[in-house]
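Everything below concerns the one structure shown next.
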There are 2 protein chains.
Amino acid sequence: MSVTIKEVAALAGVSPSTVSRTCKDHPSISRQTKEKVRRAMDQLGYEPNFQASSLATQNSRTIGIILPPSERETYENAFYLEAVRGISILCNQRQYINTVITGKDESELLQVIKTTVRNGLAEGFIVLYSREQDPVVNYLYEEGLLYVLVGKAFRNANQTIYVDNDNVLAGREAAQYLISLGHRKIGYLSGDHSLLYTGDRKSGYMLALAENNIPFRPEYCVETSFLSGAENPGLRDLLKQPDRPTAFVASDDILASYLEQLCVGMNITVPEELSVISFNNSLFARMAKPPLTSIDINSFQLGSEAAAQMISHIENPNLLATKTIVPHYIVKRGSCIERAETENE
Amino acid sequence: MSVTIKEVAALAGVSPSTVSRTCKDHPSISRQTKEKVRRAMDQLGYEPNFQASSLATQNSRTIGIILPPSERETYENAFYLEAVRGISILCNQRQYINTVITGKDESELLQVIKTTVRNGLAEGFIVLYSREQDPVVNYLYEEGLLYVLVGKAFRNANQTIYVDNDNVLAGREAAQYLISLGHRKIGYLSGDHSLLYTGDRKSGYMLALAENNIPFRPEYCVETSFLSGAENPGLRDLLKQPDRPTAFVASDDILASYLEQLCVGMNITVPEELSVISFNNSLFARMAKPPLTSIDINSFQLGSEAAAQMISHIENPNLLATKTIVPHYIVKRGSCIERAETENE
DNA sequence: CATATAAAAGCAACCGTTTGCATTAAAATG
DNA sequence: CATTTTAATGCAAACGGTTGCTTTTATATG
């Protein structure tokens with residue numbers, strides 16, 4: 001079929017092992033020989049056989065990408081595909097294979113992961129979400145499997161490799177930005193709190209308040225899960241109050257966009273009466289009315305860094321667990337303005 | 001490391017080849033022997049080694065998933081991730097591996113595909129987009145590689161395996177629905193026309209008009225590429241006209257959502273003054289104000305059917321190219337109502 | 001100059017399955 | 001009962017690299 005190492009060896013007049021070692025640039029092959037071999041490889045158009053080398057080295061060069069168990073909404077978040085793209089770009093470059101793993105619920109997902117492991121279908125896993133008490137991560141940890149977490153490690157932080165944004169800092173900057181615009185009454189709107197980034201961003205928000213001597217008001221923090229249909233009245237109630245926030249940090253563009261729409265219905269103008277800042281810088285941010293000032297978290301890079309970590313740990317198993325922080329940046333649009341002066345302060 | 005076929009053979013008191021044939025349920029092994037072997041496999045917890053069998057059968061059991069070359073917007077479309085999930089679920093079930101392939105532009109993408117092919121990293125490819133004159137598809141076709149297209153085949157339709165919606169029908173039903181609500185002046189709003197589904201949906205729209213003896217008015221059809229920033233004035237101009245459409249078919253939720261926003265700015269109420277129907281049933285449809293009536297195209301199933309086709313063609317190479325049509329369904333929300341009676345008809 | 005040492009290349013076993021062909025055992029046939 | 005046919009199993013050579021160890025060759029040492 002295609003050209004093998006033996007044919008190259010024959011043409012170059014050396015043994016197959018010499019060809020193999022030349023490919024890896026093994027030091028015990030002389031420069032002259034290497035050049036001779038490389039010429040032969042070029043001439044024949046040699047490409048190493050992935051399967052054969054996987055078998056010989058007992059290394060599948062395959063990375064499993066674990067998506068969260070499906071609840072349809074989650075996937076509307078462009079984050080996942082961007083991260084997958086980041087991973088795949090790196091895999092493509094380094095001649096790795098990536099295989100996405102998904103399941104309709106947690107137990108199916110776990111099942112698939114187990115058979116993937118048993119069949120040696122993946123060398124390691126990149127987990128694209130992080131939440132408290134996740135059975136998948138627990139399994140990977142307990143089995144001593146190689147994995148990297150995109151997001152924050154809930155426990156065993158020192159033993160797990162993870163790639164994340166500095167969500168505390170991001171939350172702090174978001175709130176600080178609003179504060180710098182003169183806002184004092186700032187709310188925090190979040191979705192599913194089991195996803196860890198939510199909490200981090202909130203911590204950052206609280207930190208910024210504290211740094212500016214603004215008392216934290218728990219009644220300004222609402223958690224809504226409108227995506228799953230269950231509209232909770234908390235947010236609406238809060239907006240009705242005369243003492244409502246003049247600005248909001250929303251943990252996500254989709255939520256922020258929802259907030260803006262709610263405001264329209266309640267005759268609250270954004271940004272004049274309410275400033276909004278959010279995260280992810282997705283298309284929702286651009287499509288929102290007014291377009292949202294949003295913190296871009298570099299999803300693509302989160303993916304590619306995770307893949308890079310994965311590969312270096314595969315190739316160098318005694319590396320220690322590292323954490324990688326991917327920078328974020330604020331994209332200013334029309335949803336935040338200076339707080340209008342009011343008489344009551 | 002893990003348990004091999006030889007250990008199973010030893011325990012069962014047969015040869016390795018018998019074990020191998022038992023796994024494939026080969027007819028020339030007696031039932032008694034098979035049972036004996038299966039017991040041994042269970043007892044040892046045997047799992048076949050993927051790499052070894054790939055090597056021996058010269059079959060990598062790996063499917064490449066080709067994403068369109070990146071223009072950031074494209075990926076905001078939840079379609080891709082859903083399709084990937086559909087593919088991956090099937091791959092996971094059938095012990096296949098899927099590897100996503102992407103590149104920042106067409107030439108990089110092509111490059112990656114070529115090395116993937118050369119290294120035997122994929123058995124076949126699923127192309128997740130279809131446009132006219134696509135170099136990637138041309139390459140795959142000319143090299144005689146196995147691929148399945150999600151979307152419509154631009155040429156060589158009879159030789160290519162593809163999985164698609166009946167977009168003509170979907171477009172027709174969308175328009176027909178508006179017509180059934182009494183609309184006669186119906187516009188068509190589309191994005192990038194090089195993506196083939198756009199044209200099909202438009203054909204369906206035209207068909208519905210014709211079937212109802214409604215003259216087709218080209219001035220009612222606008223193509224906008226607002227996502228790439230280039231806002232074209234055509235749509236706005238059309239909406240300003242007194243004789244503007246009373247309803248729109250939009251080729252995509254994102255566009256429809258944009259249209260609704262434009263209407264707000266122009267004091268046109270949706271759906272009272274303008275009904276809108278669109279496609280994809282994404283989160284954008286649910287988030288839009290008012291929420292969009294949209295045709296769900298079953299992205300997930302498009303992916304899983306494509307994977308199923310791929311696998312059956314890998315395992316049975318002399319199968320003829322088939323096309324698979326995945327059904328769509330309309331999801332009615334608040335963006336379409338009966339046309340208000342007006343005096344001029 | 002003989003010998004120790006280092007550098008370069010080759011040998012051959014191995015990774016775990018698959019599969020064509022040979023072999024054996026059992027059943028059918030003359 | 002000998003012989004052909006059929007069914008069931010085993011043998012051993014692939015598949016294409018990798019790698020520990022040995023052999024060869026070149027260089028340094030006493």
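Residue numbering restarts at 1 for every chain, and letters A, B, ... go by the order of the sequence lines.
In this structure, the side chains of A:Val84 and B:Thr102 stay at 4.5 Å or more apart for every pair of heavy atoms. Side-chain contact between A:Gln58 and A:Glu123 is absent, with no heavy-atom pair separated by less than 4.5 Å.
In this structure, the nucleotide among C:dG16, D:dT9, C:dA9 sitting nearest to the side chain of A:Thr33 is C:dA9. Of the candidate nucleotides D:dT9, C:dT17, D:dG16, C:dT17 has the atom lying nearest to any side-chain atom of B:Ala52.
In this model, the phosphate group of D:dT18 is approached by a side-chain N or O of A:Lys24 to a distance below 4.0 Å at OP1 or OP2. Between A:Ser20 and D:dT19 there is no side-chain N or O to OP1 or OP2 distance below 4.0 Å. Phosphate contact (OP1/OP2 of D:dG17, side-chain N/O of A:Ser53, threshold under 4.0 Å): absent. Note on A:Gln58: every side-chain N or O is 4.0 Å or more away from OP1 and OP2 of D:dT18. Contact between the side-chain N/O atoms of A:Ser17 and the OP1/OP2 oxygens of C:dC11 is not found at any separation under 4.0 Å.
Side-chain contact check for A:Tyr46 and A:Glu7: no donor-acceptor pair (N or O, by modelled atom type) lies under 3.5 Å.
Between B:Lys36 and B:Thr57, the residue anchored nearer the 5' end of DNA chain D, judged by the nucleotide with its closest heavy atom, is B:Lys36. Along DNA chain D, the nucleotide nearest to B:Ala56 and the one nearest to B:Ser28 differ in position, and the one closer to the 5' end is contacted by B:Ser28.
One N or O donor and one acceptor, one from the side chain of B:Arg21 and one from the base of C:dG20, sit under 3.5 Å apart.
Residue contacts for A:Val19: at a heavy-atom cut-off of 4.0 Å it reaches no nucleic acid atom on any strand shown. Among the heavy atoms of the strands lying under 4.0 Å from A:Tyr46 are primed sugar atoms or P, OP1, OP2 only; no base atom is included.
Using a distance-only test at 3.5 Å, with no hydrogens or angles considered, a donor-acceptor pair links the side chain of B:Arg61 to the main chain of B:Arg94.
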